J.: 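I'd like to ask you about the structure that follows.
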Amino acid sequence: MPELRLHNYVSRRKEDFQPIDPNHVRMYVCGPTVYDLAHIGNARPAVVYDVMARLLRVLFPKVTYVRNVTDVDDKINTRARESGEPIAAITARTLADYHADIAALGNLPPDVEPRATDNIAQMIMIIERLIASGHAYAADGHVLFAVPSFADYGKFSGRSPDELLAGARVDVAPYKRDAGDFVLWKPSTPELPGWDSPWGRGRPGWHIECSAMSWRYLGESFDIHGGGTDLIFPHHENEIAQSLCAFPGSTFAHTWMHNGMLVINGEKMSKSLGNFITIRDVLAKVPAEAARFLLLKTHYRGLLDFNDAALAEARKELDRFYRALDRTQAAPGAPIPETVLDALCDDLNTPLAVAAMHALADAAMAGDVAAAAGLRAAGSLMGLLQTDPSEWFRGEGDDSAAIEAAIAERIAARKSKDFARADAIRKELTDKGIQLEDGPDGTIWRRG
RNA sequence: GGUCCGGUGGCAGAGUGGUGAUGCAGCGGACUGCAAAUCCGCGUAUGUGGGUUCGAUUCCCGCCCGGACCUCCA
């Protein structure tokens with residue numbers, strides 16, 4: 001087994017991964033806030049950490065992968081007020097949609113998927129500990145984390161508290177002792193979601209949920225924490241402050257991984273630019289596997305441009321992989337080729353793994369059945385190439401019988417050297433978007 | 001403005017202190033009733049100016065450009 005190396009944001013460099021417990025690796029990833037359909041940017045961390053979890057399972061005996069669901073949040077409240085739909089209905093529907101979209105992209109479910117609203121008691125426990133130890137204070141119905149009480153605040157994200165103070169643009173709430181203090185708990189009005197607490201009926205701030213859920217499901221200290229680069233500050237900085245202060249002597253997450261952002265045609269995705277793309281929009285245009293493959297063709301820490309040309313290229317590459325599998329009838333269950341495993345163990349270098357897969361495809365094309373089986377095994381580690389090749393090429397459609405009949409007629413025409421008829425049938429099918437490929441073993445066809 | 005990250009061939013995208021992966025596109029050839037696919041071959045790149053070094057794309061500094069964060073955000 002190769003050594004796993006991961007880029008750790010704490011040291012800003014690649015490190016040998018040393019699990020706290022080599023028999024049980026624990027990973028926490030910041031999950032979605034369920035107020036609207038997931039966009040393609042949300043798909044990136046889901047896919048990246050899915051591959052990470054798959055890799056960890058190959059390398060270690062036991063892995064617990066926790067990805068939370070934020071189902072109490074002011075964005076949800078705003079949505080409910082605007083649409084009139086009850087909050088519970090919004091979160092339930094959006095979570096179901098998220099699960100469907102993420103599964104379509106070939107992601108396995110995390111081992112635990114806790115919801116914030118099921119962990120309010122744990123959040124209150126942590127807040128009480130913070131107050132008791134002088135790291136938090138109640139004021140005007142709110143509870144705030146006292147940033148000056150944590151000497152290392154800002155160290156993680158590389159900013160000094162002075163800078164943060166100077167950069168504060170928003171008016172500082174009067175109940176804050178220090179401008180940088182952030183909310184752990186805030187009061188709710190009767191129409192807003194709320195829970196009874198020592199500070200009255202209220203709801204949690206954003207950051208506390210991750211401290212509570214990682215603690216409950218993974219313990220005070222665990223191995224890997226993942227999320228997008230946009231969460232480094234303030235979310236992760238605050239998580240660290242809360243958890244370290246609530247559990248003195250603990251180390252919280254040892255390795256911090258951050259996936260890069262995604263742009264569309266070079267532009268940041270935003271509703272105002274009109275280039276906001278949901279996962280569902282993408283799935284309506286191309287096979288889900290092409291989208292997943294595109295997300296893995298760039299290293300997870302880099303900026304990724306998600307556009308139609310890139311999607312088309314991803315699909316073509318998968319075509320070649322599937323042709324190689326189709327020609328060799330590769331069986332599942334082969335060991336993962338070293339070239340692929342080595343690449344992924346080097347800070348999840350998926351582009352290098354893809355290059356190794358191309359080499360396997362070349363060998364498979366030349367008749368190397370073992371290489372084909374290895375390609376398939378590599379695919380299983382990446383969440384790719386698990387479809388039957390003919391299904392990949394033929395896609396969705398209810399006219400398959402008619403197409404097969406036309407192909408049979410064309411084969412007959414070719415046998416009797418009636419090439420005019422054969423070409424007419426090819427043209428008919430081409431006009432319908434059906435491509436034919438004549439090979440030594442017959443004719444295969446594909447849509448699009 | 002502050003902090004941080006990055007700039008590799010037509011495009012996408014890795015690695016590396018000493019002949020610059022891989023894919024897509026392009027070009028030439030083989031094969032092919034047609035069309036694909038497949039196979040062989042070809043070309044083109046390390047933003048810019050310095051420094052360290054026998055030697056830098058790789059390390060250091062300046063500059064230019066792009067991006068992220070500083071405010072909800074994967």
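Just so it is clear: chains get the letters A, B, ... in the order the sequence lines come, proteins before strands, and each one is counted from 1. Quick caveat, the model's predicted, so the values are computed rather than measured.
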J.: Could you tell me how far B/C69 sits from B/A74 if I compare only their P atoms? Round to whole Å.
T.: 11 Å
J.: Taking the side chain of A/Pro351 as its heavy atoms from C-beta onward, which of B/G13, B/C70, B/A25 lies nearest to it?
T.: B/G13
J.: What integer number of Å spans the P atoms of B/C73 and B/C11?
T.: 36 Å
J.: Donor-acceptor check, side chain of A/Glu239 to backbone of A/His207, threshold 3.5 angstrom: yes or no?
T.: no
J.: Taking the six-membered ring for Trp, are A/Phe252 and A/Phe222 closer than 6.0 Å centroid to centroid?
T.: yes
J.: Do the side chain of A/Asp438 and the base of B/C34 come within less than 3.5 angstrom through a donor-acceptor pair of N or O atoms?
T.: yes
J.: C1' atom, B/U53 versus B/C72: distance in rounded Å?
T.: 50 Å
J.: Can you check whether any acceptor in the base of B/G23 is under 3.5 Å from a donor in the side chain of A/Glu313, or vice versa?
T.: yes
J.: Counting only Watson-Crick or G-U wobble pairs whose two distances fall under 3.5 Å, which nucleotide matches B/G6?
T.: B/C65
J.: Output the rounded distance in Å from CZ (A/Phe233) to P (B/A74).
T.: 17 Å
J.: Please state the C1' separation for the pair B/C24 and B/C63 - nearest whole angstrom.
T.: 34 Å
J.: Does the ring centre of A/Trp256 sit less than 6.0 Å away from the ring centre of A/Phe156?
T.: yes
J.: Taking atom C1' of B/G13 as reference, at what distance in whole Å does atom CG of A/Asn307 sit?
T.: 13 Å
J.: Name the pairing partner of B/G26, where a pair is Watson-Crick or G-U wobble with both distances under 3.5 Å, or state none.
T.: B/C42
J.: If pairing requires Watson-Crick or G-U wobble contacts with both distances under 3.5 Å, which nucleotide is the partner of B/C54?
T.: B/G18
J.: Please check the phosphate of B/A74 (OP1 and OP2 only) for any side-chain N or O of A/Lys268 closer than 4.0 Å.
T.: no
J.: Go nucleotide by nucleotide along RNA chain B from the 5' end; which of A/Arg44 and A/Ala420 gets its closest nucleotide reached first?
T.: A/Ala420
J.: Let me know the distance between CG of A/Leu303 and C1' of B/C4, rounded to the nearest Å.
T.: 14 Å
J.: Are the side chain of A/Arg12 and the backbone of A/Tyr9 linked by a donor-acceptor contact shorter than 3.5 Å?
T.: yes
J.: Please report the distance, rounded to the nearest Å, between CG in A/Asn42 and P in B/C72.
T.: 17 Å
J.: Contact class for A/Met365 vs. all strands (heavy atom < 4.0 Å): base, sugar-phosphate, or nothing?
T.: sugar-phosphate
J.: Between A/Arg26 and A/Tyr28, is NZ or CZ placed under 6.0 angstrom from the six-membered ring centre and within 45° of the ring axis?
T.: no
J.: When both hydrogen-bonding distances must be under 3.5 Å and the geometry is Watson-Crick or G-U wobble, what is B/C31 paired with, if anything?
T.: none
J.: Report yes if a side-chain nitrogen or oxygen of A/Arg301 is closer than 4.0 Å to either non-bridging phosphate oxygen (OP1 or OP2) of B/G13; otherwise report no.
T.: no
J.: Is A/Ile232 touching bases, backbone alone, or none of the nucleic acid, heavy atoms closer than 4.0 Å?
T.: nothing
J.: How many whole angstroms separate atom CZ of A/Phe156 from atom P of B/C5?
T.: 13 Å
J.: Which one, B/A37, B/C73, B/C4, comes nearest to the side chain of A/Arg12?
T.: B/C4
J.: Determine the Euclidean distance between corresponding P atoms of B/U8 and B/A14; express it in Å to zero decimal places.
T.: 11 Å
J.: Can you tell me the distance, in whole Å, between the CG atom of A/Asp326 and the C1' atom of B/A36?
T.: 15 Å
J.: Are the side chain of A/Asp346 and the backbone of A/Asp342 linked by a donor-acceptor contact shorter than 3.5 Å?
T.: no
J.: For a quick check of understanding: with a heavy-atom distance under 4.0 Å over all strands, which category does A/Ile444 fall into, base, sugar-phosphate or nothing?
T.: nothing
J.: Round to the nearest Å and state the distance from A/His258 atom NE2 to B/G6 atom P.
T.: 15 Å
J.: Which nucleotide in the set B/A74, B/G33, B/A35 lies at the smallest distance from any side-chain heavy atom of A/Arg410?
T.: B/G33
J.: Side-chain N or O of A/Trp206 less than 4.0 angstrom from OP1 or OP2 on B/C73?
T.: yes
J.: When you compare B/C59 with B/G17, how far apart are their C1' atoms, in angstrom units rounded to a whole number?
T.: 8 Å
J.: Contact class for A/Gly41 vs. all strands (heavy atom < 4.0 Å): base, sugar-phosphate, or nothing?
T.: base
J.: Could you give the distance separating B/G43 and B/G50 at their C1' atoms, to the nearest angstrom?
T.: 33 Å
J.: Taking C-beta and beyond as the side chain, do A/Met213 and A/Val112 meet within less than 4.5 Å on heavy atoms?
T.: no
J.: Go nucleotide by nucleotide along RNA chain B from the 5' end; which of A/Lys14 and A/Glu317 gets its closest nucleotide reached first?
T.: A/Lys14
J.: State whether the distance check finds a donor on one side and an acceptor on the other, under 3.5 Å, for side chain A/Arg414 versus base B/G33.
T.: yes
J.: Kindly say whether, by distance alone, the side chain of A/Arg323 makes a donor-acceptor pair under 3.5 Å with the base of B/A37?
T.: no
J.: Should we say atom CZ of A/Arg13 is surrounded by more than 12 heavy atoms from elsewhere, each under 6.0 Å from it?
T.: no
J.: Report the nucleotide, chosen from B/A68, B/C70, B/C39, that has the shortest atom-to-atom distance to any side-chain atom of A/Met261.
T.: B/A68
J.: Are the side chains of A/Met357 and A/Glu317 in touch, meaning some heavy atoms are under 4.5 Å apart?
T.: no
J.: Side-chain N or O of A/Thr298 less than 4.0 angstrom from OP1 or OP2 on B/G13?
T.: yes
J.: If you measure from the C1' atom in B/G55 to the same atom in B/G66, how many Å do you get, rounded?
T.: 31 Å
J.: Classify A/Arg421 by what it touches in the nucleic acid, base, sugar-phosphate, or nothing, heavy-atom distance under 4.0 Å.
T.: nothing
J.: Do A/Asn349 and B/G15 share a donor-acceptor pair, side chain to base, under 3.5 Å?
T.: no
J.: Identify which nucleotide among B/A74, B/A68, B/C24 has an atom closest to any side-chain atom of A/Lys316, counting heavy atoms from C-beta outward.
T.: B/C24
J.: Within this structure, what is the CG-to-C1' distance between A/Leu325 and B/A37, rounded to whole angstrom?
T.: 15 Å
